[in-house]
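Structure first, then comments.
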Amino acid sequence: MKYLLASACAAIALASSPAAAQDESGDVQIKLLATGVLPDGEIDQVNVDLVGLPAGTDTAANDNFVPTVAAEYFFSDSFSIETIAGTTQHDVDAISGFAPGTELVSDGVLLPATVTAKLHFETGGVKPYVGAGAAYFIWLDVDPGAAVIPLGVTKTTLSDEFGLVLQAGVDVPVGDSGFGVTLDAKRYFIGTTARWFAGDTLVIENEHNLDPWVVSAGVSYRF
């Protein structure tokens, strides 16, 4: 991971130098995407357990497929900054300890605020790219799962967290009018702290690895 980040940052620094600037500076690209969000969700550490979770309890977050929008500004034809807009909803279920599929977190709504710097190439009209950046995962809503409510749990929270993201993809122009198709993959390195409360008492606190893959395909327009 450190090698990939270092390589991406070095490439981005090179692309942003004055020598790399071209006539395409100032272009904006909008993408409408169908996106698969594929998180992990395993327990990394148990901090508090006042209810006696079964030995070996571990979890996974479900995948979700949602529409997203990406907006990108080109400082040159080879260097851009991109951000995405969209929300995704996930449950966290047991994969061991409880019966597989037992729901521990319900309807967690996530806003994955993301900004990446991207280095673009051109090969026979096809334009692959790589990028790296930062993300802030904001949980807009979350409910206790069906399995923990009988244990006396009345509230569940997931902590908002900063993390890193790596990105790669390809833009394929269609004609000369600015339209195109695009494929994109991102890997986030980010977790969350899950807390379950009985009234005002913290009864369970776990650290979870999310580290989702986010894969997208869609159409673009550059102007």
Side-chain angles (χ1 to χ4, degrees), residues 1 3-39 63-90 109-138 140 162-190 210-223:
M1 173 182 168
Y3 176 77
L4 289 173
L5 285 173
S7 299
C9 290
I12 288 166
L14 177 63
S16 61
S17 66
Q22 298 181 18
D23 293 340
E24 290 80 0
S25 62
D27 280 6
V28 173
Q29 184 164 249
I30 303 297
K31 299 179 178 181
L32 302 178
L33 305 166
T35 297
V37 182
L38 318 174
D63 301 338
N64 197 12
F65 297 88
V66 295
T68 56
V69 176
E72 186 172 8
Y73 180 83
F74 284 82
F75 292 90
S76 72
D77 198 41
S78 59
F79 179 69
S80 67
I81 298 292
E82 182 180 72
T83 186
I84 60 172
T87 61
T88 179
Q89 182 172 297
H90 299 274
V109 179
L110 173 63
L111 174 64
T114 304
V115 176
T116 54
K118 297 167 61 179
L119 175 63
H120 300 259
F121 310 90
E122 184 163 357
T123 306
V126 176
K127 299 181 177 181
Y129 58 81
V130 295
Y136 186 54
F137 278 15
I138 304 168
L140 302 177
F162 281 103
L164 301 176
V165 57
L166 299 179
Q167 179 181 23
V170 61
D171 293 323
V172 183
V174 177
D176 298 322
S177 59
F179 290 98
V181 295
T182 185
L183 300 172
D184 184 86
K186 298 181 184 69
R187 177 65 189 275
Y188 290 80
F189 299 90
I190 193 166
L210 296 178
D211 297 346
W213 283 95
V214 176
V215 293
S216 301
V219 294
S220 63
Y221 180 62
R222 182 167 170 173
F223 56 95

### Task
Evaluate side-chain contact (heavy atoms from CB on, under 4.5 Å) for Arg187 paired with Asp211, printing each intermediate quantity in order.
CA-CA 7 Å; Arg187 177 65 189 275; Asp211 297 346; 3.7 Å; yes

Testing the basics here: between [X] and [Y], what is the closest heavy-atom pair and its distance to 0.1 Å?
X: Leu111; Y: Gly86; result: CD1-O, 3.3 Å
X: Val181; Y: Ser220; result: N-OG, 4.1 Å
X: Gly163; Y: Ile190; result: N-CD1, 3.5 Å
X: Ala185; Y: Val215; result: CB-CG1, 4.2 Å
X: Thr83; Y: Val115; result: OG1-CG2, 4.1 Å

### Query
Has Arg222 got its NZ or CZ under 6.0 Å from the middle of the six-membered ring of Phe74, at an angle within 45 degrees of the ring axis?
yes

### Message
My understanding is that only residues two or more places apart in sequence, or in another chain, count here; which of them pass side-chain hydrogen bond (donor to acceptor under 3.5 Å, both in side chains) with Ser80?
### Response
Glu72, His120

### Task
State which residues pass side-chain hydrogen bond (donor to acceptor under 3.5 Å, both in side chains) with Gln89; sequence neighbours excluded, sorted by chain then number.
Asp107

Suppose we screen for side chain to side chain contact (heavy atoms under 4.5 Å, CB included). Which residues come up paired with [X], at least two apart in sequence or across chains?
X: Leu32; value: Val69, Val219
X: Ala135; value: Thr114, Phe137, Tyr188
X: Thr88; value: Val37, Asn64, Val66, His90, Leu110
X: Phe223; value: Val28, Ile30, Tyr221

### Task
Kindly indicate, with the supporting measurements, whether the criterion side-chain contact (heavy atoms from CB on, under 4.5 Å) is fulfilled by Phe189 and Val165.
CA-CA 6 Å; Phe189 299 90; Val165 57; over 6 Å; no

### Query
Do Glu82 and Gln167 have side-chain atoms, one donor and one acceptor, less than 3.5 Å apart?
yes

### Query
So do Thr182 and Leu33 actually touch side chain to side chain, heavy atoms under 4.5 Å?
yes

### Query
Looking at side-chain heavy atoms only, is the closest gap between Leu119 and Phe79 below 4.5 Å?
no

### Task
Answer yes or no: is there a donor N or O on one side and an acceptor on the other, between the side chain of Ser76 and the main chain of Ser78, under 3.5 Å?
yes

### Task
Sequence neighbours left out, what pairs pass salt bridge (charged side-chain N to carboxylate O under 4.0 Å, His left out) with at least one residue falling in residues 162-179?
Lys31-Asp171

### Reported CD1-to-OG1 distance for the pair Ile84 and Thr68, which is rounded to 0.5 angstrom
6.5 Å

### Message
Please evaluate residues Leu140 and Thr87 with respect to the criterion side-chain contact (heavy atoms from CB on, under 4.5 Å), reporting the C-alpha separation (whole Å), side-chain torsions for both, the decisive distance (0.1 Å), and the verdict.
### Response
CA-CA 9 Å; Leu140 302 177; Thr87 61; 4.1 Å; yes

### Phe65: partners by ring-ring contact (aromatic ring centres under 6.0 Å, His included), with sequence neighbours left out
none

Sequence neighbours left out, cut at 3.5 Å: what donor-acceptor pairs do the side chains of residues 123-134 make with other protein atoms?
from, atom 1, to, atom 2, distance (Å)
Tyr129, OH, Leu183, O, 3.4
Tyr129, OH, Asp184, OD1, 2.5

